[in-house]
Number of protein chains: 2
Amino acid sequence: MKKQNAVAILAALAQGSRLDVFRLLVEAGPEGMPAGHVATALRLPPSALSFHLDRLRTAGLVSVRRDGRSLIYAARFEAMNALVAYLTDHCCQNRPELCKPKVRSAGGRKREARIPA
Amino acid sequence: MKKQNAVAILAALAQGSRLDVFRLLVEAGPEGMPAGHVATALRLPPSALSFHLDRLRTAGLVSVRRDGRSLIYAARFEAMNALVAYLTDHCCQNRPELCKPKVRSAGGRKREARIPA
DNA sequence: TTCGTATTTCAATAGTCATTGAACGATGAA
DNA sequence: TTCATCGTTCAATGACTATTGAAATACGAA
């Protein structure tokens with residue numbers, strides 16, 4: 001996976017509504033579901049949903065097929081797997097024994113004005 | 001993991017420089033590396049790096065500790081694992097047999113003006 | 001063809017984000 | 001204390017993003 005591709009996937013998921021949409025499609029499985037069902041389930045106005053689905057599709061996270069008047073969207077699991085592989089590439093210099101040597105934490109999550117000595 | 005948390009993590013990674021920084025820290029392993037080394041390795045001006053590291057830290061993706069004049073940043077692997085778990089939650093209604101029934105694709109990656117019947 | 005439904009496209013608005021250099025703060029050594 | 005180094009904060013700029021409703025397009029049924 002190329003960096004640009006990874007950024008596109010992450011950006012596509014980095015938004016509340018789109019994350020909801022994607023997870024709903026992950027739950028639905030490979031059969032997918034019509035855009036209208038997604039809109040109903042998540043109470044999204046059609047134009048907003050269409051905008052978000054287009055971004056997910058452009059990023060390669062969902063596929064579309066038409067069934068009559070409905071467009072059926074489905075999650076592309078391969079894309080997510082490839083992303084995870086990209087993120088963990090060369091983890092710990094490929095030396096797994098380095099991956100859990102110590103439990104360290106020095107501020108991690110909370111925002112602080114200054115890092116103490 | 002809460003949705004807001006997942007969005008924060010994804011947004012933190014959805015940017016070229018930050019993705020580079022995080023992957024470099026993943027490669028470095030739990031010992032981490034000083035901000036200055038990251039700046040040198042990725043040729044980032046200090047203020048930009050500081051901005052990006054702060055976003056990664058706020059999202060919970062990296063931890064910091066001080067060692068003399070240096071601030072040492074390390075990837076927080078737990079955060080990434082939790083994110084992946086969140087993304088795949090309830091996958092295929094928790095019925096794994098649904099996860100790979102058919103290979104479907106109807107436009108997936110390329111942008112098209114119209115979805116054909 | 002005409003109608004109704006499903007979904008997308010358009011245009012305008014407001015909000016958020018990345019980037020830069022200069023100034024500031026914190027630390028360790030002389 | 002004074003100095004040099006490491007890193008962060010500040011302010012200004014330009015670029016991108018989400019959201020809305022209205023209008024347009026695609027399809028199926030009558």
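Any value given below was found using the heavy atoms of this structure, including those in side chains, with hydrogens, waters and symmetry copies removed. First the proteins, then the strands, lettered A, B, ... as listed; each starts at 1.
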Spacing of [X] atom [atom1] relative to [N] atom [atom2], expressed in whole Å:
| X | N | atom1 | atom2 | value |
| --- | --- | --- | --- | --- |
| B:His37 | D:dC6 | NE2 | P | 9 Å |
| B:Leu44 | D:dC6 | CG | P | 17 Å |
| B:Leu53 | C:dA18 | CG | C1' | 14 Å |
| B:Asp54 | D:dC6 | CG | C1' | 16 Å |
| B:Asp20 | C:dT19 | CG | P | 11 Å |
| A:Leu49 | D:dT19 | CG | P | 11 Å |
| B:Asp67 | D:dT5 | CG | P | 18 Å |
| A:Met33 | C:dT7 | CE | C1' | 15 Å |

Selection from [options] that lies nearest to any side-chain heavy atom of [X]:
| X | options | answer |
| --- | --- | --- |
| A:Ser47 | C:dT8, C:dT9, D:dG7 | C:dT9 |
| B:Arg55 | D:dT19, C:dT7, C:dC17 | C:dC17 |
| B:Leu71 | C:dT7, D:dG7, D:dA18 | D:dG7 |
| A:Ser70 | C:dG21, C:dA6, D:dT19 | C:dA6 |
| B:His52 | C:dT19, C:dT20, D:dT20 | C:dT19 |
| A:Ser50 | C:dT8, D:dA18, C:dA18 | C:dT8 |

Inset, instruction - Look up atom CD in B:Gln4 and atom CG in A:Leu19, then write down how far apart they are to the nearest 0.5 Å. - result: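 Reported to 0.5 Å precision, the distance equals 11.5 Å.
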
Inset, instruction - First locate atom OG of A:Ser63, then atom CZ of A:Arg76, and finally report the distance between them rounded to the nearest 0.5 Å. - result: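 Output value for this atom pair is 7.0 Å.
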
Legend entry - Stacked cation flag B:Arg23 on A:Tyr86, 6.0 angstrom / 45 deg: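 Yes, B:Arg23 lies over the aromatic ring of A:Tyr86.
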
Legend entry - Over-ring placement of A:Arg65 relative to A:Tyr73, 6.0 Å and 45° cut-offs: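 No, A:Arg65 does not lie over the aromatic ring of A:Tyr73.
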
Inset, instruction - Would you mind classifying the nucleic acid contact of A:Ala48 as base, sugar-phosphate or nothing, using non-hydrogen atoms under 4.0 angstrom? - result: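 Since a base atom lies under 4.0 Å of A:Ala48, the category is base.
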
Inset, instruction - Please tell me which of A:Gly36 and A:Arg69 maps to the more 5' nucleotide of DNA chain C, matching each residue to the nucleotide holding its nearest heavy atom. - result: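 Per heavy-atom nearest nucleotide, the more 5' residue is A:Arg69.
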
Legend entry - Side-chain (A:Ser50) to main-chain (A:Pro46) donor-acceptor, under 3.5 angstrom: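 No; judged by distance alone, with no hydrogens or angles, the pair does not exist.
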
Would you please confirm or rule out a distance under 4.0 Å between OP1 or OP2 of [N] and any side-chain N or O of [X]?
| X | N | result |
| --- | --- | --- |
| B:Gln15 | D:dC16 | no |
| A:Tyr73 | C:dT8 | yes |
| A:Arg66 | D:dC27 | yes |

Inset, instruction - Nearest-nucleotide wise, let me know which of A:Arg18 and A:Gly68 is further upstream toward the 5' end of DNA chain D. - result: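 Result: A:Arg18.
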
